[in-house]
Amino acid sequence: MSQRTLVALTTYNEIENLPALVDAIFAAAPDVELLVVDDNSPDGTGNWVREKSATLARLHLLARPGKLGQGSAVIAGLRYAIEHSFDYVITMDADFSHHPRYIAPLRASMNDHGAELIDVGIGSRYVPGGGVVGWPLRRRMMSKSINWYTRLLLRMRTRDCSGGFRCYRVAKLAQLDFSQLISRGYSFHEEMLWRMKRLDCRLGETAITFVDRVKGQSKINLYEAWTALRVIFRLSLSERFGRH
């Protein structure tokens with residue numbers, strides 16, 4: 001019996017990347033269904049998905065009224081996977097930073113550990129074989145620092161805690177109380193991993209090469225990074241003292 005997989009993309013002004021990415025995803029994994037969670041992109045991203053989905057049954061649009069934050073957009077995609085009874089949901093960026101060629105090995109990794117089935121598979125930049133292409137030194141140092149900080153404060157063993165290229169086992173994801181999540185921006189990835197660990201989920205990492213976007217503009221900035229540090233510190237209080 002085949003296991004149904006949803007790929008969830010969050011978009012805001014990704015019309016330069018999305019048409020080619022949709023083709024690449026279905027070429028790499030023709031059995032998946034694809035959900036685009038669009039925050040009312042002014043560049044017409046959502047309109048393109050709406051028109052394309054009329055002739056492509058495996059493509060779906062979840063249109064939101066405005067820019068509500070990446071974290072809440074990913075949550076919307078995860079909830080969709082639960083509500084529609086998928087077995088796996090894969091989250092990835094919509095700018096080719098996460099290449100579709102890694103979908104197959106990431107999904108396969110969920111069952112590659114014998115009796116130790118993986119509940120959250122991470123497309124990891126920081127395990128042997130992984131890497132980053134196109135980032136300046138400042139961005140590399142910021143990413144490495146946030147990951148070190150997360151592992152230290154939240155007692156995580158995974159090397160890549162901040163990457164958004166992940167495969168979740170939906171049966172375990174359905175156990176999560178989404179109302180407890182406090183992140184709305186880029187700290188969402190660290191918080192999700194920490195909360196899944198607290199549900200006794202088994203975490204695994206598969207090497208990927210992250211390539212910085214060529215088209216469009218990055219949404220992360222120093223404010224987002226600083227906010228992520230504050231949220232991770234708040235979560236660390238729960239880790240140590242049971243506070244909420």
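None of these values were measured; they are calculated from a predicted model. The chain is numbered in sequence order, starting from 1.
- Atom CZ of R159 sits in a sparse spot, with 12 or fewer heavy atoms from other residues, nucleotides or ligands closer than 6.0 Å.
- Side-chain contact between L154 and S236 is present, with heavy atoms from C-beta onward closer than 4.5 Å.
- Judged purely by atom type and a 3.5 angstrom limit, K52 has no side-chain atom pairing as donor or acceptor with the backbone of V22.
- A207 is linked by a side chain to side chain contact (heavy atoms under 4.5 Å, CB included) to V127, counting only residues two or more places apart in sequence or in another chain.
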List the steps and the verdict of side chain to side chain contact (heavy atoms under 4.5 Å, CB included) for F210 and W135.
CA-CA 9 Å; F210 177 98; W135 271 0; 3.5 Å; yes
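- Smallest separation of non-hydrogen atoms from N147 and C161: OD1-N, 2.5 Å.
- Of the possible polar contacts, one joining the Y102 side chain to the T209 backbone as a donor-acceptor pair under 3.5 Å is found.
- Contact record, I118 with S109: CG1-O, 3.6 Å, taken as the closest heavy-atom pair.
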Just do the side chain to side chain contact (heavy atoms under 4.5 Å, CB included) check on E190 and L193 with the steps written out, would you?
CA-CA 5 Å; E190 291 90 337; L193 209 58; 5.9 Å; no
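- Listed by chain and number, the residues in a side chain to side chain contact (heavy atoms under 4.5 Å, CB included) with K144 are Y126 (sequence neighbours excluded).
- Partners of R64 by salt bridge (Lys or Arg N to Asp or Glu O under 4.0 Å), not counting sequence neighbours, listed by chain and number: D39.
- I75 has its side chain within reach of F188: a pair of non-hydrogen atoms, C-beta onward, lies under 4.5 Å apart.
- Residues V37 and L18 are members of separate hydrophobic clusters, defined by side-chain heavy-atom contacts under 4.5 angstrom among Ile, Leu, Val, Met, Phe, Trp and Tyr.
- Taking 4.0 Å as the cut-off between side-chain N and carboxylate O, R195 and E191 count as a salt-bridged pair.
- Note on ring orientation: taking the six-membered ring where Trp is involved, the planes of Y80 and H60 are tilted (angle from 30° to 60°).
- Side chain of R107 to main chain of I90: no donor-acceptor pair is present (N/O by atom type, distance under 3.5 Å, no hydrogens or angles).
- The two atoms that bring F26 and V32 nearest to each other are CE2-O, 3.4 Å, heavy atoms only.
- Within a 6.0 Å sphere centred on CZ of F178, heavy atoms belonging to other residues, nucleotides or ligands number more than 12.
- Of all heavy-atom pairs between E14 and T45, the closest is N-OG1, 3.0 Å.
- Of all heavy-atom pairs spanning A63 and R50, the tightest one is CB-NH2, 3.9 Å.
- Looking only at side-chain heavy atoms (C-beta outward), M192 and L173 come within less than 4.5 Å of each other.
- Ring pair H99/F96 is tilted by interplanar angle, where 30° to 60° counts as tilted.
- From E33, atom CD reaches atom OG1 of T5 across 9.5 Å, with rounding to the nearest 0.5 Å.
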